[in-house]
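Just below is one structure, and these are the notes that go with it.
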Amino acid sequence: MNFLPVLLWTDLLIWLLVLLLVVAAIAARRNEPLRRGWAHVGRNRGGMAAATVLAVFFVVGLSDSVHFRSRIDGANGANGAMPANYAVEVRSLLDLSLGHLRNRPEKSYSEPLALRLYNKDLVQLPDGRQTRDYPRLRYGGSHLDEQGTERGADVAATLARALAAALLVWSACAALLTLGLSRRQGERLAASWRRIWGWECAAGESGESNFAWSAVLAALGGVLLVAAILIALSANYHAFGTDKVGQDVLYLALKSVRTALIIGLLTTLVLLPLAVTLGIMAGYFRSWVDDLVQYLYTTISSIPGVLLIAAAVLMMQVVIDSHPQWFATSAERADVRLLSLCLILGMTSWTSLCRLLRGETLKLSQLEFILAAHAFGLSHRRIIVRHILPNLMHIVLISLVMDFSQLVLAEAVLSYVGIGVDPSTISFGTMINSARMELAREPMVWWSLAAAFSFMFALVLSANLLADAVRDAFDPQIAGSS
Amino acid sequence: MLAYLIRRLAYAIPILIGVNLLTFALFFVVNTPDDMARMQLGIKRVTPEAIAHWKAERGYDKPLFWNAAAEGGKRLSETIFFAKSVRMFVFDFGRAEDGRDIAEEIKSRMGPSLAIAAPVFLLELAVTISFALLLVLFRATRLDFWGVVLCVALMSISGMFYIIGGQFLISKIWRLVPISGYQEGVDALRFLVLPVFIGVIAGIGTNTRWYRTIFIEEGGRDYVRTARAKGLSEAAVLFVHVLRNAMIPILTGVVVVIPMLFMGSLLTESFFGIPGLGSYTIEAISAQDFSVVRVMVFIGSLLYIAGLMLTDISYVLVDPRIRLD
């Protein structure tokens, strides 16, 4: 084998979560209220556009969650004479596909699309003398001549090519979609096309008929355009510039997506079982169980969040630092730190959902159908699983989608405070943190910050829009009033 | 009401004990004082004598809960738990890593924290409630739609972006106020304008949306329909009826944070170099000064509980139907 698969803990859990989501989706198809709710989400244009953008982030993040160590002693050593040697560095599928970004380090800062470094350095002149000047970049714009006069024209041509490519791919997607829809509904192509854009409503009342395909296509168009431009530009330039040690900022921003997703998703994996079990138990059994659970969540929520997280993270750091023998590679250590951050975030943030669920369970268990279930002699477990839990799903769903964006934003703040991810983990927080040091510079180094903030904004905005769509569809109070 | 408050105070004690036990477990049971000493002194090349000295200097050289070597009541009091946790209840906080008295430090840093947090809190309340009322007044129009879009966009922006962007635009480009720093007295105003302004802007998105939801929910009730039916103008309905009845959900969210204003804001204070409790906390975290972090946790939970009690009292003030007894 030319590579050794590495299964990091977070990889395992994130794929487990994907599997869970798929299972939940299949289960939801059979559940009528849930299916109706999701169909409602599907008709929401903003929500579906946001979902499309989120899906792209997920593809990036998930492809960054397949890790391996590549072999370094060449393929001919594979006939078994020697034990294979594998690189210490753990890479992912994303690294593989972004190889050209990762393997072109410059010396230090350079502006987006720059040809020269941002700082003066010693430069060897052709006649052997040395002078202090802005040296040319090793890779950025290296196909241009020494003066770089035709950079403007080159960038413009690259942009035009990217635009054409994006248009081509987008048309292909739109055509495929039209074809697929017309096959499925058994109607003419033109009719499907008009229906996608909402010019014509379908006769049937099936859920898909009003699906906001136009929003999906529009968002897809935007994403394709941005992606095509970045791909085309980063072939010969550093599209977002380079950071202090010369790493491509675009690469860093893409790698940060995984960290953000892990924090946003795995934390909910921790918080959900805690909040649901304790909340339902408190509301259903009442008496001393209720007292205990209430005491637990009041105590935990009375400690200011950041401080509790700080205390827990500081302690975890001591544990990790005093047991270096647990980790084979530095990637594994960073990964355990990321995982325990999720764990800590989950342990500190389950209280609000738990409180909501307790209140709702209290209300539900007074209703006639629960009393009837008791009268029929159903066991507590059966009543909880069959009758109470399904009626709480909307609260769980809404708060999960809303928490995601909060967690992504929190990661950046925590990393800034120094209680976030491992400094070697690439994340929006670490990007902002290292760029912050350079703010006092004149002129200032703005591009790392701009890249981190705009990626984070796109991710959080689409999560917020999707959360709104989900809330509109599932919250009975809102659904009732509109 | 007095009896109620005394009962509430009695309830607060087990919670504070819980907080104390939790932090004690985090700091001393998960790790031994030896681990902490090694962390502070550097993992490598540290002699056992240095560790023992470090522990003795800070009073960590005692058993955790039970000192069998001591006599009488000292078996309980000559322990880490008693010295570090129980004494907090009488506000004996001990010293920080740099040898300064933590209680003194907290007293002197409360002022600057409050000087930022209180104006932010009041302005924020005024701005977001008015904005939310405006959106509700023009409900289901274009103004409402784009207002909500603006709120969602504003709340999707990282809080750090507001600070960095504000510092860059207002202090660096326009040179209106200093980028960071702090001075006592009237001069402080110069340094406070920008952080307060940014603090208000950063909270607009989330809070406006929250108030808008409250007002809309309240606006769907029967008494509102009655008020409209008797011919009141939309503005009168909103300001006289809806706003007053929405006070309860608003107070629930708002009053609880009032005591917490003393704690200051971590991000704002550290970016603007304001010597308040927020930056104190951040410094303690990055210097891994466990005793300061522990004290801040204790004070934070104390203030939170005070906020809960204030909330209950405020209900009585705005809603004659509620009596505390």
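Keep in mind that this is a model prediction, so the values were computed, not measured. First the proteins, then the strands, lettered A, B, ... as listed; each starts at 1.
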- [ ] Enumerate by number any residue of residues 453-466 of chain A whose heavy atoms lie under 4.5 Å from heavy atoms of chain B; in the absence of such residues, state 'none'.
- [x]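 From residues 453-466 of chain A, the residues near chain B are A/Phe453, A/Met456, A/Phe457, A/Val460, A/Leu461, A/Asn464, A/Leu465.
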Open item on the list: Does anything in residues 400-408 of chain A reach chain B? List residues with heavy atoms under 4.5 Å apart, or say none.
Closed with: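 Within residues 400-408 of chain A, near chain B: A/Met402.
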Open item on the list: To the closest 0.5 Å, what do you measure between CG (A/Leu252) and OG1 (A/Thr430)?
Closed with: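 Output value for this atom pair is 8.0 Å.
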Task: Set of residues satisfying salt bridge (Lys or Arg N to Asp or Glu O under 4.0 Å) with respect to B/Arg212, sequence neighbours excluded - done: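 Residues passing salt bridge (Lys or Arg N to Asp or Glu O under 4.0 Å) with B/Arg212: B/Asp144.
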Open item on the list: Does atom CZ (A/Arg45) have a neighbourhood of more than 12 heavy atoms from anything else shown, all under 6.0 Å?
Closed with: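 For A/Arg45, atom CZ is not crowded (no more than 12 foreign heavy atoms under 6.0 Å).
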Task: Within 6.0 Å of OH in B/Tyr11, more than 12 heavy atoms from elsewhere - done: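 Atom OH in B/Tyr11 is not packed in, count stays at 12 or less.
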For [X], which atoms come within 4.5 Å of any heavy atom of chain A: side chain, backbone, both, or neither?
X        : value
B/Leu22  : side chain
B/Ile15  : both
B/Phe168 : side chain
B/Leu266 : side chain

Task: Sub-4.5 Å side-chain heavy-atom contact between A/Asp243 and A/Ser434 - done: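 Heavy-atom side-chain distance check fails, nothing below 4.5 Å.
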N/O donor to acceptor pairs below 3.5 angstrom from side-chain atoms of residues 301-311 of chain B, sequence neighbours left out:
residue	atom	partner	partner atom	Å
B/Ser301	OG	B/Val297	O	3.1
B/Ser301	OG	B/Phe298	O	2.9
B/Thr311	OG1	B/Gly307	O	2.7

TODO: Run through B/Asn207, B/Thr206, B/Thr208, B/Ile204 and flag the one making a side chain to side chain contact (heavy atoms under 4.5 Å, CB included) with B/Leu154.
DONE: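 Testing each of B/Asn207, B/Thr206, B/Thr208, B/Ile204 against B/Leu154, the sole residue satisfying side chain to side chain contact (heavy atoms under 4.5 Å, CB included) is B/Ile204.
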